[in-house]
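Scroll down for the structure; my scribbles are underneath it.
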Number of protein chains: 2
Amino acid sequence: MLTDRQLLILRAIVDDYIKTAQPVGSRTLSKRSDVTFSSATIRNEMADLEEMGLIEKPHTSAGRIPSELGYRFYVDHLIRPESISPQEAKALKSLFAHSVNENDRLIRHTADLLSELTHYTTLVLGPKEEGQRLHHLELIPLAEGRVVIVLVTETGHVEHKTLQLAEALSREAASRLMQRLNQTLRGTPLSQLRVRLLEEIRRFRSEHSEQTTLLSKALDIVLMDQDNERPLIYLGGKANMFDQPEFQDVAKLRPVLELIEQQEALFDFLSPNLDNQILITIGSENNVDALKDCSVIRAHYSVDGISLGTLALIGPKRMDYNRGINSIIHLLQAFQTELRKNSLD
Amino acid sequence: MLTDRQLLILRAIVDDYIKTAQPVGSRTLSKRSDVTFSSATIRNEMADLEEMGLIEKPHTSAGRIPSELGYRFYVDHLIRPESISPQEAKALKSLFAHSVNENDRLIRHTADLLSELTHYTTLVLGPKEEGQRLHHLELIPLAEGRVVIVLVTETGHVEHKTLQLAEALSREAASRLMQRLNQTLRGTPLSQLRVRLLEEIRRFRSEHSEQTTLLSKALDIVLMDQDNERPLIYLGGKANMFDQPEFQDVAKLRPVLELIEQQEALFDFLSPNLDNQILITIGSENNVDALKDCSVIRAHYSVDGISLGTLALIGPKRMDYNRGINSIIHLLQAFQTELRKNSLD
DNA sequence: AATTAGCACTCGTTAAAAGTGAGTGCTAAC
DNA sequence: GTTAGCACTCACTTTTAACGAGTGCTAATT
């Protein structure tokens, strides 16, 4: 167990290092107004803290920096849930002043906002398709056998695909089929949609003896497309990475930026972990080599108790956890409220 | 005018520098099999080439590197339109083996292909909306006054927007209005669509005395949205930038990557210049400070003689122009063929 | 017993000095 | 016109020295 003085020193070291990115020496600390004891005393305490693995020195004659364990301790025990400043609270309220009807744009907007708010890079994992339920389906026949299928989910998400049929689908046939499909399929989870859709078309065909073989084949191909399986990831403030002194070296910067561009890898990484509402992973805790020098703050967003996706903040291990956590919590609130507005019960 | 020997030497210097990124010395050149004269002779010729501004030395005791003028001369006079290798030609053919129905995805796919082919970063500017013409318009009323409007252009581009009305629009009203709108508005350039759409709705209202004020207001807001004005830009192979030795320094890399993330700036930069089908700009010719160390190869793509957008390749000034130009030309062909397939006359 | 002042020591950082080598320009010989 | 030879330049590397922030330990102080 740590003494109060040790806690004070540890917090001071982490705070200072987060601010300056420079190893913190005993003399520097002793000059702080909240430190009443001498640098020698601090050195003794530091030796103890180092023995406990909470801090470390880059080399013999340097000050101390927090270890991963130190950051972990700081995050777990030393963070004070600071309320954001009044002007920020005001800004946050006005952020969503005019509603954004489409979830896609709402999510993109949110990613940008969060990165502006924190000056870190932001990742927003969109809702997984599979979990969502169908609200409405529309078939729009165009010229030359082209058919656009529009799909609206209960969360208000709209999506379209274009099919190419060998022969035209009449507007009347499309209309009849559509009416039937909407009657029977509303509420179907998208994960089952493909199977049930084909089944339903087959049944419709036998009842009405209409020629929809081509349609079902084309639909099958388009719905099979794995593009749909994976939720989209939106990024905000990528350039913020450049401002971090730890990423002035291309060798450090490259793996992070490369990972960020890879949808698949990111998806695996961000994929839901529903234990906590807010999850912070530090350095090697990320279990991703490219992120061994980064910390990630994740928050799951949900509507009506259903978890939809993830908001994440990515920065150096030396990131401002306090600010990051508070910003993400506050933005999460506003974001969920907007999402709620867009959903179709 | 340059002598044959000077041309040989200039080409050798540029080729060598493109390959190695190291200043080329007279001794190195004299060892090439196609060089029969001595290093001293080469030094004399180099002095002349330098006087003409075609090459320069980073410092007194270094080899020579091409100047911007040198690259310009190389691009204008020394490039041989090399046909791509058989295996690449084959690969190119199979690239679009299965058609991509949606232009958006086709464009994205193309950006990725081009960057894979060249190992440079690729930009693809999508078609400008304004120039395109309406093919079909669909209104889909959902629950709670939500209406999805789907818009299909003659190029086969599909787009949707969600409107929020204060009170529900009946399916019948929507259907009637839609039929009318499609009759009168097909072929309208998107640039005029907003005005003509509102006009048409107003007229429809007076004729049928239907309550569509809300609809036109909501439509107005949504169509006003400047998001639509600007074509999308797709990026491929961003990570390729990291491989270039000239961008190992964050100070050099940063402005380029930052620019690439800025849709607006890129849009202005890539905006059509219809003089040539292929345009190459080198370093300062880009007129963009962030690209002063880059070269850009641009190609305009068109369907049925109508220019739609731009394919671009971005790399260091020392980029492999030969390969870049040839790749972009070949991919352009295939890309346009696919686009043609997707258009609705 | 806890705290602090003092001091030798460590080690990264910076600056200057010396050595190395690739490459040039010039001159004289071919 | 071409080439061999040679002095010269200058980035790059290595070496050495000086510097200073910071530490650990010990002895004195509270």
Side-chain angles (χ1 to χ4, degrees), chain A residues 1-10 12-14 16-17 19-67 70 245-246 248-249 252, chain B residues 1-10 12-14 16-17 19-67 70 245-246 248-249 252:
Chain A
M1 198 45 209
L2 296 179
T3 65
D4 282 354
R5 193 163 68 189
Q6 284 171 329
L7 290 177
L8 172 65
I9 290 174
L10 179 58
I13 290 174
V14 180
D16 216 70
Y17 187 64
K19 213 179 293 169
T20 66
Q22 295 296 324
V24 187
S26 57
R27 225 180 89 81
T28 315
L29 280 190
S30 72
K31 277 185 284 193
R32 287 173 62 119
S33 62
D34 54 349
V35 169
T36 56
F37 32 92
S38 79
S39 65
T41 308
I42 296 173
R43 281 200 289 281
N44 290 330
E45 297 287 24
M46 277 176 162
D48 292 348
L49 288 172
E50 184 168 1
E51 207 167 320
M52 288 183 254
L54 293 170
I55 56 179
E56 58 196 22
K57 22 180 190 187
H59 58 87
T60 324
S61 68
R64 301 305 211 291
I65 63 175
S67 66
E246 28 271 279
Q248 287 312 300
D249 181 9
K252 292 266 186 225
Chain B
M1 200 44 209
L2 295 180
T3 67
D4 281 355
R5 192 164 68 188
Q6 284 172 328
L7 290 177
L8 173 65
I9 290 175
L10 180 57
I13 291 174
V14 179
D16 216 73
Y17 187 63
K19 213 179 290 169
T20 66
Q22 294 296 323
V24 188
S26 56
R27 227 180 89 81
T28 316
L29 279 191
S30 72
K31 277 184 283 194
R32 288 173 61 120
S33 62
D34 55 349
V35 169
T36 57
F37 32 92
S38 78
S39 65
T41 309
I42 295 173
R43 281 200 289 280
N44 289 331
E45 298 286 25
M46 278 176 162
D48 292 347
L49 288 172
E50 184 168 359
E51 208 168 318
M52 288 183 256
L54 293 169
I55 56 177
E56 57 193 24
K57 22 182 190 185
H59 59 86
T60 323
S61 67
R64 301 303 211 289
I65 62 174
S67 66
E246 27 271 280
Q248 288 311 301
D249 179 10
K252 292 263 185 230

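Just so it is clear: chains get the letters A, B, ... in the order the sequence lines come, proteins before strands, and each one is counted from 1. Nothing here was measured: the structure is a model prediction, and the numbers come from that model.
- Across all strands, A/A40 comes closer than 4.0 Å to base atoms (heavy-atom distances).
- Counting non-hydrogen atoms of other residues, nucleotides and ligands closer than 6.0 Å to CZ of B/R5 gives a total above 12.
- The distance between atom CZ of A/R5 and atom P of C/dA2, rounded to the nearest whole Å, is 10 Å.
- Taking atom CE of residue B/M46 and atom C1' of nucleotide C/dC26, one finds them 17 Å apart after rounding to whole Å.
- With a 6.0 Å radius and a threshold of 12 heavy atoms from other residues, nucleotides or ligands, A/D34 has its CG atom above the threshold.
- With hydrogens and angles ignored, the 3.5 Å screen pairs a side-chain donor or acceptor of A/S67 with a backbone N or O of A/G53.
- Comparing A/P23 and A/N44 along DNA chain D, the residue whose closest nucleotide (by nearest heavy atom) sits nearer the 5' end is A/P23.
- Remark: the A/R43 side chain and the C/dG6 base include a donor-acceptor N/O pair separated by less than 3.5 Å.
- Within the 4.0 Å cut-off from OP1 or OP2 of C/dT24, at least one side-chain nitrogen or oxygen of B/R64 is found.
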Report task. Before giving the answer on salt bridge (charged side-chain N to carboxylate O under 4.0 Å, His left out), spell out for B/E50 and B/R64 the whole-Å C-alpha distance, their side-chain angles and the decisive distance to 0.1 Å. Result -> CA-CA 9 Å; B/E50 184 168 359; B/R64 301 303 211 289; 2.7 Å; yes
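- When distances are taken from the side chain of B/S38 to each of D/dT23, C/dG23, D/dT3, the shortest belongs to D/dT3.
- If you take CG of A/L29 and C1' of D/dT23, they are 14 Å apart, rounded to a whole angstrom.
- Taking only side-chain atoms of B/E50, from C-beta outward, the nucleotide of D/dT3, C/dG25, D/dG24 with the closest atom is C/dG25.
- To the nearest angstrom, P of C/dT3 lies 10 Å from CD1 of A/I9.
- In this structure, A/H59 atom NE2 and D/dG24 atom C1' are separated by 16 Å, rounded to whole Å.
- In this structure, A/T60 reaches the sugar-phosphate backbone alone: every heavy-atom distance under 4.0 Å involves primed, P, OP1 or OP2 atoms, never a base.
- When the C1' atom of C/dT24 is taken as reference, atom CD of B/E45 falls 16 Å away, rounded to whole Å.
- Side-chain N/O atoms of B/K57 include one lying less than 4.0 angstrom from OP1 or OP2 on C/dG25.
- Put simply, the side chain of B/S61 and the base of D/dC10 share a donor and an acceptor less than 3.5 Å apart.
- Contact record, A/V14 with A/P66: CG2-CG, 3.8 Å, taken as the closest heavy-atom pair.
- Side-chain nitrogen and oxygen atoms of B/T41 include at least one within less than 4.0 Å of the OP1 or OP2 phosphate oxygen of D/dT3.
- Atoms CZ (B/R27) and P (C/dA22) sit 8 Å apart, rounded to a whole Å.
- The CG atom of B/D48 sits 13 Å away from the C1' atom of C/dG25 (whole-angstrom rounding).
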